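Given the structure is predicted, the values throughout are model-derived calculations rather than measurements. Side chains are part of it too, since the values below use all heavy atoms of this structure and drop only hydrogens, waters and symmetry mates. Numbering of residues begins at 1 and proceeds along the displayed sequence.
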Amino acid sequence: GMRVSTVCQVNQGNLVITRSTDSPSGNVALDSTNVTLAKFDVKAVGEAIRVSTLTVDATDTSGTTDWTNITNLRIFYDGIQVGTTQNTAAKDTDYPITLSFTAPVGVTKTLEIKGDIKSAAGAADAITANDKIAARFLVGTSNAQRLTSLGTFNFPAAISGGNALTVVTAAISAAKNQSVGNVSVVNNQQNVTIRSYLI
């Protein structure tokens, strides 16, 4: 009989990154800490992928504000910090962070950039109200390893950024709620509204 040999080709795996639908947008309070600046969904397709470094930066996408640095910029994979913290991260400066995580095939994981919405002491231009901050991952260089077919590729292949956040000062004020009148109550009553304030 005649033997037929077949060639089996492995499709090379990839790691897909997309900005999460719940990546923060809008306002962020000045001096707030451990703030998620950008959130992404990552999913390995074809095979598991190990990532060895990611390059992160913080920028002002509007091009109009002049803050010079942000503090404690760091990366979280699946809720756990990976790599070191950039205690003082200068605006528009690339920070390649050595880390290690393996994205399992077919499972969506989260990748987050977190930071504190304040500048280091003595900053030339400290972050103030109305400044805009956008955090992003820059294009990688052979930093993702295919664990089955081997070989490396660039992750991400294009800049992946979060939404621009606008810094606001969180002032809280309280006033009597005029829709609730003065109340007279009998002793020993429970669950009675005695005051109402609008904050």
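Asp78 places a side-chain heavy atom less than 4.5 Å from the side chain of Thr110. In this structure, the side chains of Leu30 and Thr128 stay at 4.5 Å or more apart for every pair of heavy atoms. Using a 4.5 Å heavy-atom threshold, the side chains of Thr33 and Asn72 count as separate. Looking at Lys43 and Thr108, their side chains come closer than 4.5 Å, going by heavy atoms from C-beta outward. Here the side chains of Leu54 and Ile97 are not in contact, with every heavy-atom distance at 4.5 Å or above.
With hydrogens and angles ignored, the 3.5 Å screen pairs no side-chain donor or acceptor of Asp94 with any backbone N or O of Thr55. A donor-acceptor pair under 3.5 Å links the side-chain atoms of Asn154 to the main chain of Ser142, judged by distance alone. At least one donor-acceptor pair closer than 3.5 Å links the side chain of Glu47 to the backbone N or O of Gly13. Judged purely by atom type and a 3.5 angstrom limit, Trp67 has no side-chain atom pairing as donor or acceptor with the backbone of Lys118. Here the side chain of Asn163 pairs a donor or acceptor atom with the backbone of Pro24 at under 3.5 angstrom. Side chain of Thr98 to main chain of Thr53: no donor-acceptor pair is present (N/O by atom type, distance under 3.5 Å, no hydrogens or angles). The main-chain N or O of Thr68 is never found under 3.5 Å from a side-chain atom of Asp125 such that the two would form a donor-acceptor pair. Side-chain N or O atoms of Ser119 include one that pairs as donor or acceptor with a backbone N or O of Ile127 at under 3.5 Å. Under a 3.5 Å cut-off, the side chain of Arg19 and the backbone N or O of Gly161 do form a donor-acceptor pair.
The CD1 atom of Ile117 sits 4.5 Å away from the CD1 atom of Ile133 when rounded to the nearest 0.5 Å. Between atom CG of residue Asp57 and atom CG of residue Leu138 there is a gap of 4.5 Å, rounded to the nearest 0.5 Å. Atom NZ of Lys39 is separated from atom CG of Leu111 by 11.0 Å, given to the nearest 0.5 angstrom. Distance check: Thr102 OG1 to Ile49 CD1 gives 9.5 Å after rounding to the nearest 0.5 Å. Here the CG atom belonging to Asn143 is positioned 11.0 Å from the CZ atom belonging to Phe137, to the nearest 0.5 angstrom. The line from CZ of Phe76 to NZ of Lys114 is 5.0 Å long, rounded to the nearest 0.5 Å.
Glu112 and Thr36 share a donor-acceptor pair across their side chains, judged by distance under 3.5 Å alone.
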Pairs under 3.5 angstrom only: tabulate donor-acceptor contacts from the side chains of residues 84-91 to other protein residues two or more places apart or in another chain.
| residue | atom | partner | partner atom | Å |
| --- | --- | --- | --- | --- |
| Thr85 | OG1 | Gln81 | NE2 | 2.8 |
| Lys91 | NZ | Thr65 | O | 2.7 |

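The number of heavy-atom neighbours closer than 6.0 Å to CG of Asp31, taken from other residues, nucleotides and ligands shown, is above 12.
Residues Phe40 and Val82 fall within the same hydrophobic cluster, defined by Ile, Leu, Val, Met, Phe, Trp and Tyr side chains chained together at heavy-atom separations under 4.5 Å. Transitive grouping of hydrophobic side chains (ILVMFWY, heavy atoms separated by less than 4.5 Å) keeps Ile17 and Leu147 in distinct clusters. Hydrophobic clustering of Ile, Leu, Val, Met, Phe, Trp and Tyr side chains at less than 4.5 Å, counting indirect connections, unites Val35 with Val56.
Nearest heavy atom pair, residue Pro104 against residue Ala48, reads CA-CB, 4.4 Å.
The hydrophobic cluster around Val16 extends to Val45, counting ILVMFWY residues whose side-chain heavy atoms fall within less than 4.5 Å of a member.
Between Tyr77 and Phe101, the ring planes lie parallel to each other; the angle is under 30°, not in the 30° to 60° tilted range.
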Exercise. Apply the test side chain to side chain contact (heavy atoms under 4.5 Å, CB included) to residues Val167 and Lys132: give CA-CA distance (whole Å), side-chain angles for both, the deciding distance (0.1 Å), then the verdict.
Key: CA-CA 6 Å; Val167 177; Lys132 295 191 185 315; over 6 Å; no

